[in-house]
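Residue numbering restarts at 1 for every chain, and letters A, B, ... go by the order of the sequence lines.
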Number of protein chains: 2
Amino acid sequence: MDTPSGSAPVTLEDVARRAGVSPATASRALNGSARKVRDEYQARVHAAAVELGYIANTAAQAVARGRGDHLALVVNGINDDYFSPVAAGVLKAAEAADRMVTMISSRNSAQQAARVVSTLRSQRPRAIVLAGGRSVASTFWEERLVEELAAFQDEGGRVVAISEEGMPFDTVSLDNVSAARDLAATLADLGYRRVTILAGPADARTAHDRVQGFTAGLAERGVEVPPSGVIHCGFDRDGGYSAAGECLRRRVPAELVLAISDTVAVGALARFREAGMSLPGDMAVAGIDDVAVLRDVTPALTTVRLPWPEAGRAALDLALRPTDAQPRLVRMTGHVVLRESTPGIEGR
Amino acid sequence: MDTPSGSAPVTLEDVARRAGVSPATASRALNGSARKVRDEYQARVHAAAVELGYIANTAAQAVARGRGDHLALVVNGINDDYFSPVAAGVLKAAEAADRMVTMISSRNSAQQAARVVSTLRSQRPRAIVLAGGRSVASTFWEERLVEELAAFQDEGGRVVAISEEGMPFDTVSLDNVSAARDLAATLADLGYRRVTILAGPADARTAHDRVQGFTAGLAERGVEVPPSGVIHCGFDRDGGYSAAGECLRRRVPAELVLAISDTVAVGALARFREAGMSLPGDMAVAGIDDVAVLRDVTPALTTVRLPWPEAGRAALDLALRPTDAQPRLVRMTGHVVLRESTPGIEGR
DNA sequence: TTGTAAGCGTTATCAC
DNA sequence: GTGATAACGCTTACAA
């Protein structure tokens, strides 16, 4: 407790000596072990540990056991829409399982992700959870990333992806296609016919799937989106902002803008308002994700609620419940939330 | 590269053997060392490492060296207003310094924080950065936390706090008092006289300091805030929402609401709008922090921009530049940003 | 400069 | 059940 200044950390041996037992017994008493330790020793060791303020050295444990018992979480970026909800889900589950989580950002780049996984490998974590959408095409760095993860798995680590299906690892996927389809269909049913899609980056899988869903949902209701009605943009607020500008410039006749994400939608809202449009009167806007922090924008945003925290939880479950079986897949779906930004079309 | 299935990780010894040198030489060649290694061996070892796909086991390194070389970042919570900007600053600086960062949440509780630091200690990181405001009073768990950190420092780790001044560790502090004072004074100069303060939790140091700053800044301009004009609430959006409701209920005559944070301000905005008020016509609202994700609320929020990312950077600098000197202190200040939510009072 | 060998703190094996 | 003792992978005196 009141350790003298500049002291070295208390080791297991210190505890053992103090308790009058062997280091082996102390180890068995303090950390789990198949073996039982006599109650008296148990007590003595625990007492000694507390008195000395012993804290196990996890690095040493990792060396001895061949692998640490913590988890690593790779996210696209700290400012990413999905970071917060996913991380919250993972962290909560991790806490319940009494596991430490190392979070690290791959900054939206497969190259960085590959590097990051490589670094992570050196920590010998129990599992790596990779959160973040992949590319449409399989790029060099995407492949490198998969190799790196495969190598990790090969060494005895576990890999879980929260992303689109298709990686050769346990995966938790949110159904972007049907989320977008449901939203589009619902709004078509509300009467919208002339639709513009803010499509995000052409090479991002998540964006691609959602656009696919939008067009499919609209098509089911007999609504066509002309090529000029699909505007690609960045997967963030500024992307939505400039895409909305482009939308204005092109003078596409539209009564509804379908954005691939809430953040993009909010950017669009800002741009339209700047153009003097009345919202939602002059233009209806909807997004996907139901980002919590955006709940106070005006008009309140119609969106699809996607269970990101649950996905995080599920990912940790997969990570903690190893299996020899083929890669497992957990699919999750969202549900449409209608709000003020897309009033029904009464009499236009 | 193409490791056979189920293989054990490549060790330094494997590399050494392959390169035809001793493990010692391989170690010196791959990881920094005072010693020089003959160029030929250097090359051979590096080649062998690449061929074998060697990745150093940081756990083993940490055991051998007595301490790891990664950093740990303790944040209040993933959904915290300050999490994202601070973490971004820290992570960026860490990346520049080629350091891994373990992030972990203390979930707004000193008790959790103490526990978390204890766990972190077991990882033997180079430094622990503690981000998050402290309490007004020194509670049991606050003290426990400080003890835990002190013990860590005693063992040779470094501690840096991003919080209010006063902890016995290197500290980066943002001047909450003057931020609030500047804002209040500026708005008083704009003509506001009847002011209500959404004060946040009474025991949170950050909130306390900002309220102090508000009243001081107003007092300097001859504006008094009656006791009923100070409403305590949660340090989040919902806190602001309900406090604004309370404000309405009390029928406090006010033309300006000063919220201790942007998030609280946004909650208030929502509540006022719900009450049918026109904003900013019927009520001016201002916050503090300049949270990026809130930039699209309407009306645009007057606030004080606080350099959180820079604080994160500065904290990492302190962590990476050890010193024997007394705890160092880096003070940072913000600047007022006037926007639409607080138009000047023309003729009321 | 290089190699040998002794640690680092912990766990696992195997006698007792 | 317990305790030597040998790993674990790496670093670092100390010799050579």
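Rounding to whole angstrom units, CZ of residue A/Arg38 and C1' of D/dG3 are separated by 12 Å. What separates CZ of A/Arg67 from P of D/dA7 is a distance of 22 Å, to the nearest Å. Between the CD atom of A/Glu155 and the P atom of D/dG9 there is a distance of 11 Å, given to the nearest Å.
Comment: A/Glu147 engages A/Arg144 in a salt bridge, judged by a side-chain N to carboxylate O separation of less than 4.0 angstrom. Of the charged side-chain nitrogens involved, none lies within less than 4.0 Å of a carboxylate oxygen, so that A/Arg115 and A/Glu148 do not count as a salt-bridged pair. With salt bridges taken as basic N to acidic carboxylate O contacts below 4.0 Å, one links B/Arg328 and B/Asp170.
The distance from atom CG of A/Leu52 to atom CZ of A/Arg18, rounded to the nearest 0.5 Å, is 5.0 Å. Note: A/Leu130 CG to A/Ser163 OG = 6.5 Å, rounded to the nearest 0.5 Å.
The heavy-atom pair separating B/Thr206 from B/Glu164 by the smallest distance is OG1-OE2, 2.5 Å. A/Asp14 and A/Pro9 make their closest contact through OD2-O, 4.1 Å (heavy atoms, listed as atom of the first residue, atom of the second, distance).
Residue B/Arg158 places its CZ atom among more than 12 non-hydrogen atoms of other residues, nucleotides or ligands, all under 6.0 Å distant.
Taken over five-pair windows at either terminus, the axes of the helix from C/dT1-D/dA16 to C/dC16-D/dG1 are inclined to one another by 40° (rounded to 10 degrees).
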Just by protein heavy atoms under 4.0 Å, how would nucleotides 10-16 of chain D read 5' to 3' in B, S and -? BBBBBB-
